[in-house]
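Only one structure is covered here, and it is reproduced in the block below.
All of these numbers come straight from a predicted model, not from anything done at the bench. Numbered from 1 within each chain, the chains take letters A, B, ... in sequence-line order.
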Amino acid sequence: MPKLFSGIQPTGELHLGNYFGAITNWVDLQQEHETIYCIVDLHAITSDYDPEVLRESSVELATDLIASGIDPEKSILFIQSDVREHVELQWIFNSVTSYGDLTRMTQFKDKSEKMDFVSAGLFDYPVLQAADILLYRASRVPVGEDQVQHVELTRRIARKFNSRFEEFFPEPEPIVGRGARIMSTADPERKMSKSDHDKHAIGLMEDEDSIWEKIKSAVTDPGNAKGDEMSPGVANLFTLLELTASESTVEEFREDHREGNLMYIDLKEAVHENLMSEIRPVRERKEQLMKNRSRVEELLDKGKEKAKETASRNMEEVRKMVGVGPT
RNA sequence: AGGCCCGUAGCUCAAUUGGCAGAGCGCCGGACUCCAAAUCCGAAGGUUGGGGGUUCAAGUCCUCCCGGGCCUGCCA
C-alpha cells in the first residue's frame with residue numbers, strides 16, 4: 001500500500017470546511033493507503049498563538065479526528081512536536097532548499113502581507129512541511145489547492161537531496177480536489193476558513209442552535225434564477241445537501257430549483273436537518289472520548305511511538321549520508 | 001552596539017497652542033425578505049501598548065519598560 005502523509009494545524013476549532021474538505025477524505029484514504037496523520041503544532045507556532053492552550057488544542061483536535069473516523073489502529077496519528085526528527089530533518093533540508101524558491105511561495109507572500117510581525121518560521125514553513133512528508137518517505141499527500149506549490153517544493157527538495165547525497169527520498173504526489181469545497185455561508189465567494197470572522201465558519205462541534213442560525217442566515221439570492229443556473233450561496237447549500245442527504249432528496253430540491261419555485265427556507269431546513277444527522281454521531285463519539293481524556297493521550301502516545309520507529313530509522317540513514325552525528 | 005520612526009474600538013485612521021477620546025467600515029439587535037442580499041432604524045464597543053512623572057488638566061510633554069519597522073556598525 002502506498003504511504004500517505006497529511007497534516008492539520010491545531011488552531012481554532014474544526015469546521016465544516018475541514019470536515020467535508022479534508023477529514024472525511026482522510027477517513028476514506030485509510031482503506032487503500034498506509035496513512036500517517038499529523039497534528040502539526042510546530043507549524044501553528046509560526047504565527048501568533050497562545051501557548052497556554054496549544055497543547056490542549058492538539059489533544060482536542062486528535063479527539064475530533066478519532067471521532068470523525070480516523071482509526072488510530074489503522075493510521076499513525078500523532079502530534080508533530082512529539083517526534084523531534086521533524087525539526088532535525090528540516091534543518092538539513094534548509095541546506096538543500098533554494099532561498100529563491102522560498103521567496104516565490106505565494107502563500108507566504110499572501111499571509112505575510114497582512115501580518116505586522118512576520119517570523120522567519122513562517123517563511124521557512126514549507127521546508128518543515130517537506131520534512132514532515134519525507135521523514136516517512138511518503139509518496140502521496142492529500143492537500144488543498146493552496147498547498148500544491150508546497151508539495152512541488154517538497155519534490156524539488158527531495159530531488160536536490162537525492163542528487164547531492166544518495167537516492168533516498170521519493171518525490172511525493174499531491175492528491176488534490178477529492179474533498180468538497182465548502183464556502184462561507186456569510187460570503188459564498190470565499191472558502192470557509194477559521195482565520196476569517198466567526199460567522200464565516202460553522203464549527204463541527206458548534207451548538208445546534210448556533211449552526212441553525214448560520215445556515216438560516218446563509219447568503220442566497222432574490223430567487224429568480226432559472227434552470228441550472230445557481231448563485232454561489234445556493235450552490236454551496238446544495239453542496240452541503242449532497243454531502244449529507246439521500247440522492248432522491250437532493251433531486252427533489254434540484255427539481256424545485258429548476259422550476260423556479262424553491263423556497264430557500266425549505267432548502268435551509270433540509271440542509272440543517274441532514275447535516276445534523278450526518279455529524280451527530282461524530283459529536284456523540286467525541287463526547288464519549290472526552291470523558292476519558294487519558295485514553296486519547298494514550299493513543300497519541302502510541303502514535304508517537306509508531307511514528308518514531310520510522311522517523312528515527314530514516315534519520316539515521318540521512319545523518320550518515322549528510323555526514324553529521326550522532327551515529 | 002548606535003541612530004530614527006511607530007503603537008488610539010475587531011480593521012483603517014481622526015482628535016487645534018495640552019482642554020469632554022471620535023468617524024468610516026465591520027460586529028450585534030430590529031424593520032423589510034420564503035431565507036438571504038441591498039436599504040433603513042437602533043445599540044454595543046476603549047486602562048489611547050504598560051509603569052512612573054510634570055500639570056488645575058496628558059492620546060498629546062518627560063522618563064523607563066514592552067512590542068513592531070527602517071538605517072548604520074560589529075561579530076559568527
C1' atom, B:rG22 versus B:rA9: distance in rounded Å?
-> 10 Å
Please report, rounded to the nearest Å, how far the C1' atom of B:rC66 is from the CG atom of A:Asp116.
-> 14 Å
All N/O donor-acceptor pairs, side-chain side in residues 108-116 of chain A, below 3.5 Å, sequence neighbours left out:
residue  : atom : partner  : partner atom : Å
A:Ser112 : OG   : A:Phe108 : O            : 2.7
A:Ser112 : OG   : A:Lys109 : O            : 3.4

Starting from P on B:rG26, measure out to CG on A:Asp187 and report it in whole angstrom.
-> 12 Å
Could you measure between the two P atoms, the one in B:rC28 and the one in B:rA37, and give it in whole Å?
-> 10 Å
Carboxylate-amine/guanidinium proximity below 4.0 Å for A:Arg295 and A:Glu298 = yes
Can you check whether A:Thr35's main-chain N or O pairs, donor with acceptor, with A:His33's side chain at less than 3.5 Å?
-> no
Roughly how far apart, to the nearest Å, are B:rG3 and B:rG73 at atom P?
-> 16 Å
Based on Watson-Crick and G-U pairs with both distances under 3.5 Å, what dot-bracket line describes RNA chain B 5' to 3', crossing pairs as [ ] and inter-strand pairs as |?
-> (((((((..((((.....[..))))..((((.......))))......(((((..]....))))))))))))....
With sequence neighbours excluded, residues passing salt bridge (Lys or Arg N to Asp or Glu O under 4.0 Å) with A:Arg156 | A:Asp101
Contacting residues from residues 102-111 of chain A, given that a heavy atom lies under 4.0 angstrom of RNA chain B = none
Could you note down all residue pairs passing salt bridge (charged side-chain N to carboxylate O under 4.0 Å, His left out) where residues 242-252 of chain A supplies at least one of them, sequence neighbours left out?
-> A:Glu242-A:Arg254, A:Glu251-A:Arg258
Taking atom C1' in both B:rA23 and B:rA15, what distance in whole Å separates the two?
-> 10 Å
Contact letters for nucleotides 33-39 of chain B, in which S counts primed atoms plus P, OP1 and OP2 and B counts the base, heavy atoms under 4.0 Å = -BBB---
Taking atom C1' in both B:rU47 and B:rG7, compute the distance separating them and give it to the nearest angstrom.
-> 15 Å
With sequence neighbours excluded, give me every side-chain hydrogen bond (donor to acceptor under 3.5 Å, both in side chains) pair touching residues 87-100 of chain A.
-> A:Glu88-A:Arg319, A:Gln90-A:Asp124, A:Asn94-A:Asp124
According to the salt bridge (charged side-chain N to carboxylate O under 4.0 Å, His left out) rule, which pairs have a member within residues 70-81 of chain A, sequence neighbours left out?
-> none
P atom, B:rG52 versus B:rG69: distance in rounded Å?
-> 28 Å
For residues 301-316 of chain A, pull every pair meeting side-chain hydrogen bond (donor to acceptor under 3.5 Å, both in side chains), keeping only residues two or more places apart or in separate chains.
-> A:Asp301-A:Lys304
Please set out all donor-acceptor pairs under 3.5 angstrom arising from side-chain atoms of residues 45-52 of chain A, sequence neighbours excluded.
residue : atom : partner : partner atom : Å
A:Thr46 : OG1  : A:His43 : O            : 2.7
A:Asp50 : OD1  : A:Glu52 : N            : 2.9

Name all pairs fulfilling the salt bridge (charged side-chain N to carboxylate O under 4.0 Å, His left out) condition that reach into residues 11-22 of chain A, sequence neighbours left out, sorted by first residue then second.
-> none
With P as the reference atom in both, quote the distance from B:rG68 to B:rA58 in angstrom, rounded to an integer.
-> 30 Å
Taking the same atom, P, in B:rU16 and in B:rC61, what whole-Å distance lies between them?
-> 11 Å
Who are the salt bridge (Lys or Arg N to Asp or Glu O under 4.0 Å) partners of A:Glu145, not counting sequence neighbours?
-> none
